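Note sheet for the following structure.
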Amino acid sequence: MRVGVLRASFYLHGCNSLKEKRQRLGRLRDKFGKQTALAVCESDHADDLRRGEWSFVAAAASDVLVQQILSDVETYLATAVDAELVRLDREWIS
């Protein structure tokens, strides 16, 4: 079993409330939270209006599958999230 982690940091321009932040970034949980090979959570800056960090953990039988899952997440983050993507980090756990 291979496990990879993707951490994504965001800056939310013009965000004025935590409710607005949750609306803009909470869709990540809706989009990816039901996939069996992927776990998603808000991992830092929970109370900061303008910053957010989300972590995605993918587990699969091979490196190729984990890389494909995390690449699909990266593509979505870069094109469909209502926030500036300021950093992406990948890490292998096993």
Side-chain angles (χ1 to χ4, degrees):
M1 180 67 65
R2 297 295 292 164
V3 179
V5 178
L6 174 69
R7 278 186 214 66
S9 298
F10 300 96
Y11 184 79
L12 291 92
H13 296 279
C15 186
N16 295 312
S17 69
L18 288 175
K19 181 178 180 179
E20 179 183 349
K21 177 184 175 181
R22 303 284 184 264
Q23 288 173 340
R24 290 168 69 176
L25 294 179
R27 294 182 184 111
L28 295 173
R29 187 174 294 117
D30 298 338
K31 170 81 174 156
F32 297 109
K34 294 178 181 152
Q35 292 185 19
T36 57
L38 185 66
V40 58
C41 71
E42 183 176 14
S43 53
D44 202 359
H45 309 298
D47 293 327
D48 189 328
L49 294 180
R50 303 275 168 99
R51 294 174 38 198
E53 180 182 280
W54 284 70
S55 294
F56 304 84
V57 180
S62 73
D63 291 351
V64 173
L65 290 173
V66 171
Q67 289 176 3
Q68 182 60 51
I69 293 166
L70 295 180
S71 292
D72 291 346
V73 173
E74 280 187 26
T75 300
Y76 182 84
L77 297 178
T79 59
V81 175
D82 186 16
E84 179 184 352
L85 182 60
V86 293
R87 185 174 178 170
L88 281 174
D89 295 308
R90 276 197 192 192
E91 172 184 351
W92 289 101
I93 294 180
S94 65

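The shown structure was predicted, so the numbers you read here are calculated from the model rather than taken from an experiment.
A donor-acceptor contact shorter than 3.5 Å links the side chain of Lys21 to the backbone of Arg51.
Between His45 and Tyr11 the shortest side-chain heavy-atom distance does not fall below 4.5 Å. In this structure, Asp72 and Gln68 have side chains that are in contact, with non-hydrogen atoms separated by less than 4.5 Å.
Under the 4.5 Å side-chain heavy-atom criterion for ILVMFWY residues, no single connected hydrophobic cluster contains both Trp54 and Leu18. A continuous path of ILVMFWY side-chain contacts below 4.5 Å connects Trp92 to Leu70, so both sit in one hydrophobic cluster. Note on Leu6: it does not cluster hydrophobically with Val3, by side-chain heavy-atom contacts below 4.5 Å among ILVMFWY residues. Residues Val5 and Leu28 fall into different hydrophobic clusters, defined by Ile, Leu, Val, Met, Phe, Trp and Tyr side chains chained together at heavy-atom separations under 4.5 Å. In terms of hydrophobic clustering, with Ile, Leu, Val, Met, Phe, Trp and Tyr side chains grouped at heavy-atom distances under 4.5 Å, Tyr76 and Leu65 are assigned to different clusters.
For the pair Arg29 and Glu42, the salt-bridge criterion is not met [side-chain N within less than 4.0 Å of a carboxylate O]. Classification of Glu53 and Arg87 as a salt-bridged pair fails, no side-chain N sitting under 4.0 Å from a carboxylate O.
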Open item on the list: Between Phe56 and Ile69, is the side chain to side chain contact (heavy atoms under 4.5 Å, CB included) condition met? List the steps.
Closed with: CA-CA 10 Å; Phe56 304 84; Ile69 293 166; over 6 Å; no
Task: Verdict with reasoning, Val86 to Phe10, per side chain to side chain contact (heavy atoms under 4.5 Å, CB included) - done: CA-CA 5 Å; Val86 293; Phe10 300 96; 5.8 Å; no
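Closest of all the heavy-atom pairs between Glu20 and Asn16 is OE1-N, 3.1 Å. In plain terms, the two heavy atoms of Ala83 and Leu25 that are nearest each other are CB-CD2, 4.2 Å. In terms of heavy-atom proximity, Leu49 sits nearest to Cys15 at O-SG, 3.3 Å. Taking all atoms of both residues into account, the shortest heavy-atom contact from Leu88 to Ala8 is CD2-CB, 3.7 Å. Of all non-hydrogen atoms in Leu12 and Gly52, the two that sit nearest each other are CD1-N, 4.2 Å.
Rounding to the nearest 0.5 Å places CE of Met1 at 12.5 Å from CD1 of Ile93. Annotation: the span from Arg50 atom CZ to His13 atom NE2 amounts to 9.5 Å, rounded to 0.5 Å.
Heavy atoms of other residues, nucleotides or ligands lying less than 6.0 angstrom from CZ of Arg22 number more than 12.
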